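Treat the numbers as computed from the prediction; the structure is a model and nothing was measured. Numbers here simply count residues along the sequence, with the first being 1.
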Amino acid sequence: MRKFIIAEKPSLAKSIMSALETEGERFSVEDKGEYYVSQNYYVTAVFGHLFELKDINDYGQNRNKNMWSVENLPYFPARFEYVLKDEGSVRKRYNTIKRLVNEPEVSEVIHCGDPDREGQVIIDIVLEQAGCTKPVTRPLWRNLSAEELCKAIKNRKPNDDYASLRKEGQVRAYIDNDFGKNFSRYATVKTGAKPALNVGRVIGAIVTAIYEREKEISEFVPKKYYKVESNVNGIKLTSKEKFEIENNTDAKAYADNLNDQTVIVDKIEEKEVKKNSPKLFSQTSLQAALNKRYGYSPDKALALAQNLYEKGLTTYPRTNTEYLSDGEKAEVEKIIKYHELAHDLTQKELKSIYDDSKIEGHTAIIPTTKKAIELTEDEQNCYGTILNRFKAVFSKRNCIYNQTKATIKAGQVEEFTIKGETLVSAGWQVYEPPKDDDKEKVLPDIKEGEVLKVAFMPVLAETKPPKSYTVESLGKFLQNPFRKELDTEDEIYKNILSGVEIGTEATRAGIIKKAIDKGYISLKKSTYKIEERGKQLIRACDELGIDVSKEKTAEMGKATKDVYKGVRTIDEVLSQVRAEIKEVIKANTKVTSMSTESNELGKCPVCGANIIESPKSYCCENWKGGCEFKVWKTICGKKITPNQATVIISGKTTALIKGFKSKQGKPFAAKLKLKADKTGVEFEFGKK
């Protein structure tokens, strides 16, 4: 009797066979590489997804219908069905698997999908389609070393133990199918967009985030003000006081007052401080590091990390944590010894490194006990980044800076503080040199009691707009879209592990690439920008009432995690999602065609002049003549699109708009229309 191993990728199958050969197995190639056989095993691999969910048109009852018609939408299959990909190599491999699964000699099937929800579902679908009735077991591993793989196979568990992981993967796929297939058709038909729009819950949320940030930047009106500064002999002192642009006289008077004071160095404090090393890498933080150092896009960074994992050089890359588990301490010591780093590195049993409470499944990305050979330049860059981060975290030597703080008093008027920092010992920074912002800052040579020369004067300044999203900042946002500046790390990880995220570590990079390929966004070096096609997508979703906000997307992500935890069932989650999709499509809202889209906002309902767009409102161009009509661009926290404003201005009522917030912060939905006296806008509740 033999056991039948099905790996997710051919490279994984080879790693498994190499591992088993260390224990005496000898494999031969069968059927021109379709599978391998040894005394105790058959081994083959799928090529990722062999099956995909049927398209709406592929279900029998829809084959003679126009499923690009609003009248036939939405469509939800009573039971989701899969179809084998239409590729010769896929069909041949599936037939091989089906034959071996049902081979009388096979006593057990060993499910070797990647150790995550997607890997779980990929093999489960194949086994279900092949009619597998044999016992199925599942090994889980952290890296592809021979020792780890053999250990995982020996300690494999019944595949049914991972039913919750399978259900989470299934409900994610079902939600995305229902949401994407229906809304993509609906939005395309309603707007006449060519090519068709791709409306997905995750791609929509990603494009929305970038769109809203770029809109904030483009509409930002700098506010000029005066600050008061002195910069003499390299000693720059900036007052905490700020003055309105109209108050130049006050600013000058305050500067003169400071200049009239005796400005003295009141106190100088020096101390040595230890700088903590950075965290180990999650996939998100690795993408940020590789983008900063080498300009790699997120999808390229993920692909490189996956290559290194498949070569057995690093641990599983699609992880959302920067922590290791307590059970990995012995492995860390092996890695230090293997790389002959014991003279530089040491084990550190710190909560900042080992914390099981911040781990869902896979732990942080670290190197393995395997020598890196025959790597491409890009792979070497990625591997070196991971290895150096490991060295920095476990370095024996502390990074020590000398910090100097000087307190300077201008009489009794104001107190200033200037700080300097000089390196005493590089420590772990040998492996990760500081960024430009973190480099030394040497204070001028001043002493306590010294009277300083100053020349305070008003300096014109202006407020700065928010910054565009970068690979690093967007990655952090998507991983935890409700992160607050003062959140503790425990609070941040609580949200991450509860599913409150946009996409996953495994999918985000691919979806961002898709958004770029679709022309919705662009990535220039490390900065994301919105493109015209992306603006059209968001405008269409807003007008049609399709909610692709971070709140809705994260809500659905949390729902899938609830399925994993057994709090909700797949049917319960799907029922809720489908009810919301039905409500939107049933409204059949009329929108402006993309092909005939106009910048005209209409005529003022009060005086008949043109309505123009200002930074904060859609207002009458006759405002100088006294017409005060306007529709604010933001109402109760919700941005109002130009097309929604056009509907209001024309005297009609908008479609139901979601995302308003009350004064108490509670979300609500409503329609908008002109007040009867045309003095402004009012809500309409209770009507669909």
Side-chain angles (χ1 to χ4, degrees), residues 11-12 15 18-19 114-116 140-152 277-290 292-294 296 300-350 352-355 359 361-397 427-433 505:
S11 59
L12 176 58
S15 295
S18 295
D114 278 355
D116 59 14
L140 293 181
W141 54 88
R142 186 155 188 274
N143 62 64
L144 299 183
S145 67
E147 181 183 5
E148 174 78 1
L149 286 171
C150 288
K151 179 182 174 183
S277 61
K279 299 284 187 188
L280 293 167
F281 283 124
S282 66
Q283 179 55 221
T284 293
S285 59
L286 177 62
Q287 287 173 12
L290 291 175
K292 279 187 175 179
R293 292 173 199 174
Y294 304 108
Y296 297 157
K300 181 171 182 175
L302 177 58
L304 290 170
Q306 183 70 25
N307 289 350
L308 296 177
Y309 163 70
E310 290 179 10
K311 291 182 177 183
L313 297 172
T314 57
T315 54
Y316 192 69
R318 298 164 192 260
T319 176
N320 61 3
T321 187
E322 298 168 329
Y323 288 85
L324 299 175
S325 67
D326 284 335
E328 291 175 282
K329 291 175 182 176
E331 184 64 24
V332 165
E333 292 183 2
K334 285 182 186 177
I335 295 166
I336 291 172
K337 183 177 180 181
Y338 175 82
H339 289 279
E340 298 179 348
L341 295 168
H343 57 291
D344 286 330
L345 310 187
T346 186
Q347 176 66 272
K348 296 179 181 179
E349 298 195 13
L350 302 174
S352 59
I353 301 173
Y354 299 99
D355 190 343
I359 298 167
H362 304 292
T363 56
I365 305 168
I366 59 174
T368 64
T369 53
K370 186 174 181 180
K371 188 175 182 181
I373 56 174
E374 297 182 358
L375 298 182
T376 66
E377 181 180 351
D378 288 341
E379 288 173 340
Q380 182 58 56
N381 289 340
C382 183
Y383 181 73
T385 300
I386 294 168
L387 180 60
N388 282 334
R389 177 58 61 91
F390 180 85
K391 291 177 181 178
V393 170
F394 291 100
S395 174
K396 284 181 179 178
R397 295 171 290 174
W428 59 261
Q429 283 190 351
V430 168
Y431 305 113
E432 284 206 5
E505 300 290 342

Quiz item: Any sub-3.5 Å donor-acceptor pair from Lys396's side-chain atoms to Ala342's backbone N or O?
Solution: yes
Self-check item: Pair Lys279-Tyr323, side-chain donor/acceptor within less than 3.5 Å
Solution: yes
Quiz item: Can you check whether Gly427's main-chain N or O pairs, donor with acceptor, with Ser395's side chain at less than 3.5 Å?
Solution: no
Quiz item: Below 4.5 Å, heavy atoms only, C-beta onward: do Asp114 and Gln306 meet side chain to side chain?
Solution: yes
Quiz item: To the nearest 0.5 Å, how far apart are OG1 in Thr369 and CD in Glu331?
Solution: 5.5 Å
Quiz item: If you round to the nearest 0.5 Å, how far is CG of Asn143 from CG of Leu313?
Solution: 10.0 Å
Practice problem: Starting at CG of Leu308, measure out to CD of Glu310 and round the result to the nearest 0.5 Å. | Solution: 10.0 Å
Self-check item: Sub-4.5 Å side-chain heavy-atom contact between Thr314 and Tyr383
Solution: yes
Exercise. Could you tell me whether the side chain of Leu324 reaches within less than 4.5 Å of the side chain of Leu280, counting heavy atoms only?
Key: yes
Self-check item: Pairs flagged by salt bridge (Lys or Arg N to Asp or Glu O under 4.0 Å) wherever residues 313-328 is involved - sequence neighbours left out
Solution: Arg142-Glu328, Asp326-Lys329
Practice problem: Could you tell me whether a side-chain N or O of Lys391 sits under 3.5 Å from a main-chain N or O of Leu345, the two making a donor and an acceptor? | Solution: no
Practice problem: Kindly indicate whether the side chain of Leu387, heavy atoms from C-beta on, has any atom under 4.5 Å from the side chain of Pro367. | Solution: yes
Self-check item: Step-by-step salt bridge (charged side-chain N to carboxylate O under 4.0 Å, His left out) determination, Glu379 to Lys311
Solution: CA-CA 11 Å; Glu379 288 173 340; Lys311 291 182 177 183; 2.9 Å; yes
Quiz item: Does some side-chain heavy atom of Trp428 sit less than 4.5 Å from a side-chain heavy atom of Pro278?
Solution: yes
Exercise. Could you tell me the separation between the CG atom of Asp344 and the CG atom of Leu341, rounded to the nearest 0.5 Å?
Key: 6.5 Å
Quiz item: Strictly by modelled atom types, are Gln283 and Tyr316 linked by a side-chain donor-acceptor pair under 3.5 Å?
Solution: no
Exercise. Would you indicate whether the side-chain heavy atoms of Thr321 and His362 approach each other to under 4.5 Å?
Key: no
Practice problem: For the pair Thr319 (side chain) and Thr363 (backbone), establish whether a donor and an acceptor sit closer than 3.5 Å, ignoring hydrogens and angles. | Solution: yes
Self-check item: Residues Ser18 and Ser15: side-chain donor-acceptor under 3.5 angstrom
Solution: no
Quiz prompt | Thr284 and Glu505 side chains, donor-acceptor separation under 3.5 Å | solution = yes
Quiz item: Under the 3.5 angstrom rule, does the side chain of Thr385 hit a backbone N or O of Asn381 as a donor-acceptor pair?
Solution: yes
Quiz item: Would Asn320 and Ser282 satisfy side-chain contact (heavy atoms from CB on, under 4.5 Å), going step by step from the backbone distance to the final call?
Solution: CA-CA 5 Å; Asn320 61 3; Ser282 66; 5.6 Å; no
Exercise. May I ask you to say whether Glu147 pairs ionically with Lys370, meaning some side-chain N is under 4.0 Å from a carboxylate O?
Key: no
Exercise. For the pair Tyr338 (side chain) and Lys371 (backbone), establish whether a donor and an acceptor sit closer than 3.5 Å, ignoring hydrogens and angles.
Key: yes
Quiz prompt | Gap between atom CD1 of Ile365 and atom SG of Cys382 - 0.5 Å precision | solution = 8.0 Å
Quiz item: Can you check side-chain contact (heavy atoms from CB on, under 4.5 Å) on Leu304 and Tyr309, steps first, answer last?
Solution: CA-CA 9 Å; Leu304 290 170; Tyr309 163 70; over 6 Å; no
Quiz item: Are side-chain N/O atoms of Tyr294 and Asp378 paired as donor and acceptor at under 3.5 Å?
Solution: no
Exercise. Working to the nearest 0.5 Å, report the span between CG of Leu375 and CG of Asn307.
Key: 9.5 Å
Quiz item: Quick one: are Gln347 and Val332 in side-chain contact, heavy atoms under 4.5 Å?
Solution: yes
